[in-house]
Amino acid sequence: MMMQVAMALKPPSFRILRKNPQRFRTSPTRIRYASLSVWASTESLADPPPSLFLGYSTRTDFPILHQEVNGSKLIYLDNAATSQKPSAVLKAIQYYYESYNSNVHRGIHYLSARATEEYELARKKVASFINASDSREIIFTRNATEAINLFALSWGLQNLKQGDEVILTVAEHHSVIAPMLDTAKKTGAVLKYVSLNEDGVPDVNMFKQLMSTKTKLVIVHHVSNMLGSALPIEDVVVWAHDVGAIVLVDACQSVPHMVVDVQKINADFLVASSHKMCGPTGIGFLYGKYHHLSAMPPVLGGGEMVADVFLDHYTYADPPSRFEAGTPAIGEAIGLGAAIDYLSGIGMQRIHDYEVELAKYLYESLGTVPGIRIYGPAPSENVYRAALCSFNVENIHPTDIATFLDQQHGVAIRSGHHCAQPLHRVLDVNASARASLYFYNTREEIDNFIHALNDTVSFFNSFK
Amino acid sequence: MNSSSTITTSTHFHSSSSCTKILRKRYDNYETRHSALKFNAENEKNKFLILSLKSIKNYGFSPKSPSKLHARNPSLPAEVEFERPLETDGLVVADKLQLLVLEFKSLDEPLDRVKRLLHYAAILPPYDESARVAENRVVGCATQVWLEVEMDDLGRMRFRADSDSEISKGFCSCLIWMLDGAKPEEVSEMRAEDLEHVNVGLYVKANSRVNTWQNVLISMQKRTKALVMERGGKNPPLLEPLPSLIVNHGSSAEAQGCLFPTRLVLPELQTFDERQSLMSK
Ligand SMILES: Cc1ncc(COP(=O)(O)O)c(C=O)c1O
């Protein structure tokens with residue numbers, strides 16, 4: 001048994017991109033044709049492009065998706081909160097603990113050398129995934145939140161001063177707003193918020209209006225976890241650099257779903273979380289241009305981050321070690337590496353194209369539910385919309401909707417403020433429901449979700 | 001808010017049969033339109049009827065005096081007897097808890113538990129709109145819950161609650177059915193774990209940020225404790241909000257044509273509003 005696992009899992013030591021042989025054996029003929037009838041009955045798409053089959057061909061890689069919840073087939077639509085993990089990732093983590101678990105950078109023995117190699121290989125995989133020029137520009141953190149806090153405590157406290165301005169949008173996640181409020185309080189910097197325009201998305205023109213020589217930092221999302229909208233991030237970076245400000249991009253909702261190229265975006269910093277991109281929890285990263293990182297002070301002191309320690313002082317190591325005090329999340333980093341291999345095996349462009357189609361289908365289907373209000377932009381040829389929809393149905397609390405969908409239909413969606421309370425206040429609601437997709441979701445699931453939602457709405461309305 | 005000194009003697013309450021009738025009607029509406037639902041309708045109706053009679057027979061409230069918490073008074077005339085037949089030697093709460101747990105335990109289908117909660121939501125006394133204020137908010141719930149707590153002249157605890165979610169309202173209604181009119185000790189003795197079987201939509205016993213049961217119960221208990229201490233001439237506990245728990249950066253930020261988050265209450269700061277409400281009393 002152990003032998004078998006070990007053989008099946010022998011990790012690719014030096015190849016960064018690993019094709020998933022099993023998946024590519026999936027020829028179009030193996031696709032479940034039962035699903036075709038769903039298309040036929042719901043719309044007149046005569047010949048769906050092959051990319052539309054991605055959901056069916058990848059589902060088999062995710063054991064968790066094949067279960068019943070409350071007596072119904074699970075429909076997992078809470079991917080913006082966290083994604084599921086393919087077997088390849090689970091096996092990579094198990095293989096690490098079974099065969100070479102050891103501390104990194106600390107032993108000359110075989111296992112330690114092996115663990116160190118794989119841990120650093122994971123860093124290289126992240127770097128190449130987002131096209132960073134150097135893997136030393138990747139700092140492993142617990143998650144995106146920790147990455148933002150690290151940035152705020154290090155770069156923020158070192159560089160922001162009284163009267164400096166920081167630009168954010170009202171659509172930021174709490175993980176951006178809370179650390180920046182703290183930083184502003186400590187430094188006297190002023191936070192300026194870009195608000196929504198009449199289309200209900202962040203007002204791009206306001207960026208330009210707000211930017212001045214006082215602007216020192218622009219810290220914004222790439223794709224909004226509530227609105228599903230995307231900022232023209234390359235333009236924002238150009239405008240910011242024009243006034244001498246630096247930019248941190250919260251790419252939590254973009255890195256898992258599309259090709260993100262930090263050199264093309266030219267952002268100074270960028271953060272994301274492993275758990276939203278098929279990797280394990282407990283690991284995320286801060287990307288930073290090396291000249292910024294090497295000028296920044298550490299936030300935590302301890303092992304790994306030092307160069308020399310004396311009884312009265314110490315010198316710290318170069319990045320990335322400088323920011324990774326203590327034993328890191330080795331197994332998790334390796335799991336993230338495996339997730340990146342898996343995603344790259346499918347191809348991020350393919351994932352993106354598939355999700356764009358799903359996003360349109362979700363938006364249009366949801367629009368047919370009576371009394372619904374969907375937040376964010378309507379997707380079109382020119383307007384990008386991520387494969388997620390936050391919505392409210394007239395006179396029914398989103399938490400009641402989510403509870404009923406779960407209990408009665410096995411549909412998992414999120415309800416609440418999605419860590420974006422300020423945005424909800426701007427939209428004048430206390431909470432919303434959110435269905436968020438990933439490449440392993442299918443049109444059939446969307447159809448079933450809409451059916452379940454209609455049932456939910458009638459159920460609660462029958463109690464009115 | 002002062003401890004209630006008015007003892008409401010109104011006996012206006014839904015009789016269990018009328019309540020059940022209303023619910024059955026709604027329920028039938030839903031049923032006929034949704035024949036696909038997966039449970040045995042006949043069984044469900046029978047169970048529903050029997051259990052409802054059992055569980056709501058003690059449920060009394062006074063919609064005529066929405067701003068006053070309704071108080072039970074042992075010296076009331078016989079007509080109110082119906083409201084409190086179980087009130088014997090402090091067993092009230094324990095008995096009610098047992099009944100409620102049995103009631104929900106007997107419902108195997110999740111849908112039935114949801115329906116039962118909605119039924120409880122429907123019989124929760126109407127809540128005064130003006131009491132839907134920030135000081136009364138139970139923070140930490142995934143939905144908005146408002147709670148008012150008073151102690152009457154007999155030292156019994158009086159509760160009123162409301163929520164923008166029907167399911168949360170159902171939770172509140174159950175809690176109030178059990179704890180309204182209870183002695184402070186009885187309120188403090190109830191444990192969130194006891195309510196496990198009543199839970200709808202939550203499988204985790206652990207304290208979850210979205211566990212309405214737990215948040216409302218804890219809030220009831222904290223405010224009860226504060227009122228007891230106040231009665232005893234002691235300072236209520238936690239009078240001062242811990243400064244570290246308040247995140248207010250209004251001065252260092254500017255709103256730009258939008259609402260600005262002057263106070264970002266993180267979920268962990270559950271007790272902030274509770275403390276505020278204690279201070280304002
Ligand atoms: C846009 C955005 N930013 C930041 C975060 C925080 O990610 P994490 O909780 O993994 O640190 C999330 C996740 O919910 C997110 O969607």
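Chain A is the first sequence line, chain B the second, and so forth, proteins listed ahead of strands; every chain is numbered from 1.
Of all heavy-atom pairs between B:Q144 and A:H397, the closest is N-NE2, 4.3 Å.
Here CD of B:E109 is found 7.0 Å from CD of A:Q408. Values are rounded to the nearest 0.5 Å. Annotation: the span from B:L118 atom CG to A:F459 atom CZ amounts to 5.0 Å, rounded to 0.5 Å. Atom CD of B:E166 is separated from atom CZ of A:F463 by 9.5 Å, given to the nearest 0.5 angstrom.
Only the side chain of A:N430 has a heavy atom closer than 4.5 Å to any heavy atom of chain B.
The environment of CG in A:N205 is crowded: more than 12 heavy-atom neighbours from other residues, nucleotides or ligands sit within 6.0 Å.
Residue B:S165 is tested with A:I401, A:I396, A:D400, A:T403 for a side-chain contact (heavy atoms from CB on, under 4.5 Å); the sole match is A:D400.
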